[in-house]
Amino acid sequence: MSLHLEHLNPEQLAAVTLPERHALILAGAGSGKTRVLTTRIAWLVQEGHVSPGNVLAVTFTNKAAREMLARLAAMLPINLRGMWMGTFHGLANRMLRFHFRDAGLPQTFQILDSQDQLAAVKRMLKGLNADEDRFPPREVQSFINSQKEEGLRAGDVHVTDEGTRRFVDFYAAYDEQCRAEGVVDFAELLLRAYELLKRNEVLREHYAERFRHILIDEFQDTNRLQYRWLKLLAGRDSRLFAVGDDDQSIYAFRGAHSANMGQFEREFGIDRVIRLEQNYRSHGNILDAANALIANNRNRLGKNLWTASGKGDPLRVFEAGSDGEEARFIVEEVRALQRDGNRLAEIAVLYRSNAQSRVIEHALFSSSIPYRVYGGLRFFERAEIKHALAYLRLVGLPDDDNAFLRVANFPPRGIGARTIEQVQDAAKANGTSLLVAAAASTGRAAPALASFRALIDRLKAECAGLPLAECVELVVAASGLIEHYKAERDGAERVENLGELVNAAATFTEEERESETGAEVDPLSAFLAHAALEAGEHQAGEGQDALQMMTVHSAKGLEFNAVFLTGLEEGLFPHEQAFVERDGLEEERRLAYVAITRARERLYLSHAQTRMLHGQMRYSLPSRFLSEIPEGLKKWLTPRVTSERRSALGSSSSWQVPRKKEEHVVFASERPGFRIGQNVVHAKFGAGVIVDAEGHGEDARVQVNFGRQGVKWLAVAVAKLQAA
DNA sequence: GTGAGGCCCCTTTTT
DNA sequence: GGGGCCTCAC
C-alpha cells in the first residue's frame, strides 16, 4: 500500500492523519491541497477502518471529482464504487433520483440549465402578462436563484415593498410551472435535496449514519444552502473535513459565502485551523507578487505563502497599443517559449471574460499555433445539441413544456406561433401539458400537431428496448434535425456535432452512470442529467498539444509552466461591474490572485491602451492590480515612459467612445496634437486620457479621464492641455 | 406559416 | 459584434 506519508510536510501530515474530529484546513494556492484530500481519504480507509461507502467527498467541478477518484484508485487497491464523490449539484441529483417520491418529483425529472431556466422564466412572465421592461427576465431569474440559494421558498421571502412582492409572486408562479412540468433548475436541485433531508427524519438518520466522513474541497465557494445541507447530513458520529482558501473565493456572484469558513470554525468547535502555507508550484517572484497583491484586501483570514524554490524570472509586463498588438505579442512569446522547449499544453492564456478570446484566437489561428479554448459555448449548450436533447427530454418526460416549445416547430413543420398560442391556451384551460393539448387540437394545424405527437410517441416506444446510443441516433435522425442542417448553408458543423452527440451517448458508460447517479436510474434520464450538469469539456482535439485558453475562473485549480494574464485594464480587470457591487473589488483582486498563482515559472502581464469591445473602441488605463505588484518583481518589456506616467494616474474606470461622431476627425485635423485616446497632462488634474470630443475651433471641448481626479469636459481653448 | 432582413439591446465570471 | 425579436413580403 502506498500512501507515501513520508513525502508530506508536517502540516500536510497533520491534516492527513488528524484523529477523529472536525477539521478546517486553510490551504493556500499550490500547497498540495488535492494531495492532502486524497491521501486523507486513503488514510481513513486504510488506518481508520472505514469503508469507501462511509465517505462523502464534495468537489467543485466534475473534473476535480474524476481526478481525485483516479488518484485514489492508484493509492488503494480496492473497489471505490460505494463512495459518493461529486459536486454539490451532482450529489443532490443523485440523492433526488434515489428518493424522487419523497422529494415529490417524477422519476424522470429533467434538469434546466441557466438558458432553459431563463426561457422558462420568460414564458412564465408572458403567461402573467408581466411588463418585461419593469421586470426583466434576467432579474427575475437571478432573484429566484438567490432566494433559493438562501434556502427560501416564495412564501418565506420577507416582503418589504411592492416591487419585492411582484418578484415573490413571479417566484411562486415559476415554481408552480416547474412543478407541473416536472423540471428542476440548478438551485432547485440543492434546495430540494436540503428540504428532503430536513423533512424526512428517517432519510436524514440513514445518511447521517452512513457518511462517517464528509470531505469538502473549495469550501470558500459554498453557499449558505450548501452549508446547511452539510450540517443536516452530518450525524453525531460524522466528521467534517473542510479544505478551503478564502483568498481564492471567486464565486460570490453565484451565492458563494466565504464567511462559511469562519462559521464552520465556530459551529463545529474547531480549536486549531491547520494552515498549509508552503507553495510547491511557483517561483519566488511570482509568489511574492501574489502575496503583495492580495495584501490589499481587508477581508482575509490571513496567510502568507512561501516557497523553498528560488526567485526565478521577474514578471514580464507588456503594454500594447491595442488588443490586436497584445495578441501578436502573445504569439511571438509563445513561439519563443516553444523554441525553449516548452510544450504548448504547458502554456496558458488567461482572460477575465470570454469575449476577449476572439482576438487572440484570430492571431493564433493565422500563425498556425494550435490552441484549445475552454468554456465559452460548451458542447451541450450548442443550439443543435439543445434541440436534440429537447426531443430526448420529451421522450423521457412528455410534460416538459420547455422542450415542447423548443422543437414543436423545429425543424419547421407547419406549427406556427398562432397555433402554439392556441395549444398553450388549451393546455392552461385543461391543466395538461402542451404535448397532450397538442394531440387534442381541432384547429387548422391539427394534423401537424397530431403527427408531432405521434413522432414523440413512436420514438418513445422504439427507444424502450434500445441501448442509449442507438436511441439517441434514432431520435437525431427521426427528428429531421440532420436533414434540416444538411440543407443549411453552414450546417455542416452542426451535423457533425449531432454525430458527436451519438458518440457522447455511447461513451457515457455504465460506470459513469453509476458514479454520477445510481444504478436504478434509467439510462436516458441519467444521460440528460449528465448533459445538464456537465455542459462542457466534451471537445474534439483533446490530447493534441495545444495552447490552453480560458477565463481566470475556469483556470482555478490548474497550473502551467507559463501563464499570460491578459487585459489588465481598469474596467475590464477589475471589471467595471465590480465597482458597484459590494466587495466587488476584493473579489476581483482574489481573481487576479488566482490567476497569478497558476504560473510555475513564467508569468506575463499585459494590458492594451485600446480594445474593441462590443463593437466599440475602448480606451483604458492599466489595471490597479499592475501597480499593486512591487516594481522590483516586474520587468517592463515596453518603454517605461508611458508606464510611469500612467502609474501616476492611479485608478479609474475605462471609457467608451460613442460611435458615429464625425467631429472626431475634424477635431483631430484642426488640433493635430489631440485625438481620442491621446494621453494629456493638465496643470491641475495631472495626467489623463482623452475619451471624447465635440465642437469645432474655439468651441472645441474634450472629455478627459483623469483617473482618481475624475472625468472632466474641458474647453480646449482654455484648458491648456499638454500632449503627453 | 415561413424566411429574410433589420433593428435594438446587451454586454462577467459558472454548477 | 452578435443574438433575440420584430416586421414584412411571399
Side-chain angles (χ1 to χ4, degrees), chain A residues 58-65 86-93 111-115 117-119 122 126 132-133 136-138 142 145 148-149 185-190 218 221-223 225-226 249-256 350-359 374-378 380-381 383 408-421 443-445 448 487-489 529-537 550-556 567 571-581 584 587-588 590-592 594-595 611-618 656 659:
Chain A
V58 193
T59 57
F60 191 66
T61 61
N62 294 299
K63 200 168 134 207
T87 62
F88 276 103
H89 292 89
L91 294 166
N93 176 52
I111 300 170
L112 302 184
D113 67 14
S114 313
Q115 271 181 54
Q117 187 190 27
L118 185 62
K122 281 182 185 168
K126 270 224 175 72
E132 290 204 2
D133 290 333
R138 270 181 195 288
S142 101
N145 287 341
K148 287 187 179 182
E149 276 152 11
D185 60 52
F186 284 148
E188 182 74 19
L189 278 174
L190 301 177
E218 308 280 10
D221 284 325
T222 53
N223 65 32
L225 183 58
Q226 290 164 339
S249 163
I250 55 175
Y251 284 96
F253 72 92
R254 72 172 207 223
L350 307 184
Y351 34 82
R352 175 66 180 81
S353 62
N354 280 307
Q356 288 166 250
S357 75
R358 270 198 45 261
V359 182
Y374 290 78
L377 191 60
R378 326 261 266 297
F380 287 111
E381 292 167 357
N409 198 36
F410 195 94
R413 52 170 69 85
I415 303 174
R418 182 82 196 95
T419 305
I420 295 281
E421 238 171 69
R444 210 165 297 115
E488 230 177 34
R489 212 163 0 95
H530 167 82
L533 290 172
E534 194 171 359
E537 304 340 306
M550 65 194 85
T551 63
V552 180
H553 279 91
S554 43
K556 189 160 81 153
L572 190 61
F573 199 177
H575 197 278
E576 57 200 353
Q577 206 63 31
F579 298 140
V580 297
E581 282 163 8
E587 174 136 321
E588 294 290 309
R590 290 192 292 270
L591 202 47
V594 167
R611 182 179 294 278
M612 254 334 221
L613 216 59
H614 311 306
Q616 294 193 331
M617 189 67 94
R618 266 164 92 104
Q656 299 200 357
R659 263 187 282 219

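Naming: A, B, ... by sequence-line order, numbering from 1 per chain.
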Original post:
Rounding to a whole Å, what distance do you find between Asp113(A):CG and dT13(B):C1'?
Top reply: 16 Å

**OP:** Starting from the 5' end of DNA chain B, give me the residue, His575(A) or Ala445(A), whose nearest nucleotide shows up first.
**Re:** Ala445(A)

**OP:** Check every strand shown and say whether Arg590(A) touches a base, only sugar-phosphate, or nothing at a heavy-atom separation below 4.0 Å.
**Re:** nothing

Original post:
Roughly, in whole Å, what's the span from CZ in Arg413(A) to C1' in dT2(B)?
Top reply: 14 Å

Original post:
Below 4.0 angstrom from OP1 or OP2 of dT13(B), is there any side-chain N or O of Asn354(A)?
Top reply: yes

Original post:
Does any non-hydrogen side-chain atom of Ile250(A) lie less than 4.5 Å from one of Val552(A)?
Top reply: no

Subject >> Value in whole Å for how far the P atom of dT15(B) lies from CD1 of Ile111(A) >> reply: 14 Å

Subject >> Distance, P atom - from dT13(B) to dG4(C), rounded to whole angstrom >> reply: 16 Å

Subject >> Contact under 4.0 Å: Thr551(A) side-chain N or O vs dT14(B) OP1/OP2 >> reply: yes

**OP:** Establish whether the base of dT11(B) is bridged to the side chain of Ser353(A) by a donor-acceptor pair shorter than 3.5 Å.
**Re:** no

Original post:
To the nearest Å, how far apart are Tyr374(A) OH and dT12(B) C1'?
Top reply: 21 Å

Subject >> Given dG2(C), dG1(B), dT13(B), the nucleotide with the shortest approach to the side chain of Arg418(A) >> reply: dG1(B)

Original post:
Reckon Phe88(A) touches a base, only the sugar-phosphate, or nothing at all at heavy-atom distances under 4.0 Å?
Top reply: nothing

**OP:** Would you kindly give the CE-to-C1' distance between Met612(A) and dG2(C), to the nearest whole Å?
**Re:** 13 Å

Original post:
Touch check for Ser114(A), heavy atoms < 4.0 angstrom, all strands: base, sugar-phosphate only, or nothing?
Top reply: base

Original post:
Quick one: do the Gln117(A) and Asp185(A) side chains pair a donor with an acceptor below 3.5 Å?
Top reply: yes

**OP:** Report yes if at least one side-chain N or O of Asn409(A) is closer than 4.0 Å to OP1 or OP2 of dT2(B); otherwise report no.
**Re:** yes

Original post:
What nucleotide, of dT2(B), dT14(B), dT12(B), holds the atom closest to the side chain of Arg352(A)?
Top reply: dT12(B)

Subject >> Minimum-distance nucleotide to Phe253(A) side chain [options: dT2(B), dC5(C), dT14(B)] >> reply: dT14(B)

**OP:** Salt-bridge test for Glu588(A) and Arg352(A): reply yes if a basic N is under 4.0 Å from a carboxylate O, no otherwise.
**Re:** yes

Subject >> Value in whole Å for how far the P atom of dT11(B) lies from CZ of Arg618(A) >> reply: 13 Å

**OP:** When you get a sec, tell me which of dT14(B), dT15(B), dG2(C) is the closest nucleotide to the side chain of Arg358(A)?
**Re:** dG2(C)

**OP:** Indicate, with yes or no, if the rings of Phe253(A) and His575(A) have centres closer together than 6.0 Å.
**Re:** no

Original post:
Which nucleotide in the set dT15(B), dT14(B), dG1(C) lies at the smallest distance from any side-chain heavy atom of Phe186(A)?
Top reply: dT15(B)

Subject >> Integer-rounded Å distance: dT14(B) P and Gln117(A) CD >> reply: 17 Å

**OP:** Evaluate the ring planes of Phe60(A) and Tyr251(A), with Trp represented by its six-membered ring, and classify them as parallel (under 30°), tilted (30 to 60°) or perpendicular (over 60°).
**Re:** tilted

Original post:
Testing Arg254(A), Lys556(A), Gln226(A) for side-chain hydrogen bond (donor to acceptor under 3.5 Å, both in side chains) with Asp221(A), which one passes?
Top reply: Lys556(A)

Original post:
For Lys122(A), which contact category applies under a 4.0 Å heavy-atom criterion: base, sugar-phosphate, or nothing?
Top reply: sugar-phosphate

**OP:** Give the rounded distance in Å between these two atoms: CG of Leu225(A) and C1' of dT15(B).
**Re:** 13 Å

**OP:** Could you pick out which residue, Gly416(A) or His553(A), lies toward the 5' side of DNA chain B when each is mapped onto its nearest nucleotide?
**Re:** Gly416(A)

